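For reference, the structure is listed below as structure tokens.
First listed ligand is number 1; within each ligand, the first listed atom is number 1. All values reported here derive from a predicted model rather than from experimental measurement.
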Amino acid sequence: MNKFKKLGLTAGLSFTLLLAACGGSGETSSDNGQSSNDNDLGESLDYTITGIEPGAGITGQAKNTLAEYENLEGWELQESSTAGMLGALESAIKNEEPIVILGWTPHWMFSAYDLKFLEDPKGTFGGAEDIQTIARIGLEEDLPEAYTILDRFHWEPADMESVMFESEENDIPIEEAAKNWVEQNPDKVKEWTDGVEKVNGEEIELVTTQWDSELAFVYVMEEVLSQHGFDVSITPVDPAVVFQAIATGEGDASLAPWLPSTHGAFYEEYKEDIVDLGPNLTGTQNGFTVPAYMDIDSIEDLPAKK
Ligand code: PBE
């Protein structure tokens, strides 16, 4: 467990660093982003994609994208934190400046701002994906009630978005918004829990990544399992550690893997040592994302560095 705590702490630290890093990023663009000239666009973007944490699956996809598209030779990915990236996005939008970020959906960024994914003709971001539930080997025997609920759990992008949106709009923690969602959706919850016996304080450890999108899942599950008598703990770590923790049995289950592309490398590495309970949500997407006012539609429209 200690290992987890340390990793969680690292994530928290990098978050702060990223915020600090983002303070300067607004200075890089000095023109208004309306330029019709390719060269100007490249220069005002400083040939840089504004990214998130180094450990994210989307960071690996973005690096691969820079390698695969000829027009992106010499472009850079600026790794930071999700909060830092969203801060840079907000300030770019305020000034109608161009910016290219790493976006994903479902996430509240698409309801908070008018954004578009850039088309990805080479498919380096993997197209539409699923979020999957994984469990440690032996969980089914050890905690059959929890296993059944985890196995049945699935919801729609709109459900998850409503949790994130409520949290953003009303400025309440995701955890509280997730509890409200459980209260307001008894029929959906019943589909997962129907006929499952309540337990008496048995412990279960859910491992997650720390993005708002994944926290919405894990807090909903925490509430549902708690109502069923479980003593739930939640450990946020990097994606690689999610898989490692489930494979070693240090964690019981996770609702956070994005597959087959985003976390595909980790899945391949650990698939023999985990139980795959299948998709809990379908229809996610990752990609280079820009404000809708930008005059480009495809990754191939990004100007080559001269
Ligand atoms: N994300 C959100 C995560 C998975 C979900 C796209 C930032 C990642 O890239 O690992």
| task | Starting from atom 8 (C) of ligand 1, locate the nearest protein heavy atom and write down its residue, its atom name and how far away it is, to 0.1 Å. | result | G57 N, 3.3 Å

| query | Atoms of ligand 1 less than 4.0 Å from I52 heavy atoms? | reply | 7 (C)

| message | As an exercise, identify every atom of ligand 1 less than 4.0 angstrom from a heavy atom of P239. | response | 10 (O)

| query | Can E214 be said to touch ligand 1, with heavy atoms closer than 4.0 Å? | reply | yes

| Geometric cation-pi criterion, K179 with Y219: 6.0 Å, 45° | no

| request: Distance to 0.1 Å, residue and atom name: give those for the protein heavy atom nearest to atom 9 (O) of ligand 1. | output: I58 N, 2.7 Å

| message | I'd like to know whether CD of E73 has more than 12 heavy-atom contacts from other residues, nucleotides or ligands below 6.0 angstrom. | response | no

| said: So for atom CD, which belongs to Q184, do other residues, nucleotides or ligands contribute more than 12 heavy atoms lying within a distance under 6.0 Å? | reply: yes

| Is H263 in contact with ligand 1, taking contact as a heavy-atom separation below 4.0 Å? | yes

| said: Only heavy atoms of A56, strictly under 4.0 Å: list the atoms of ligand 1 that pass. | reply: 8 (C), 9 (O), 10 (O)

| said: Under a 3.5 Å cutoff, is there a donor and acceptor pairing between the side chains of T133 and N280? | reply: yes

| said: With heavy-atom distances below 4.0 Å as the criterion, list the atoms of ligand 1 near T262. | reply: 8 (C), 9 (O), 10 (O)

| remark: Within 4.0 Å of some non-hydrogen atom of N286, the atoms of ligand 1 are 6 (C)

| said: I want to know whether W155 and W181 have ring centres closer than 6.0 Å. | reply: yes

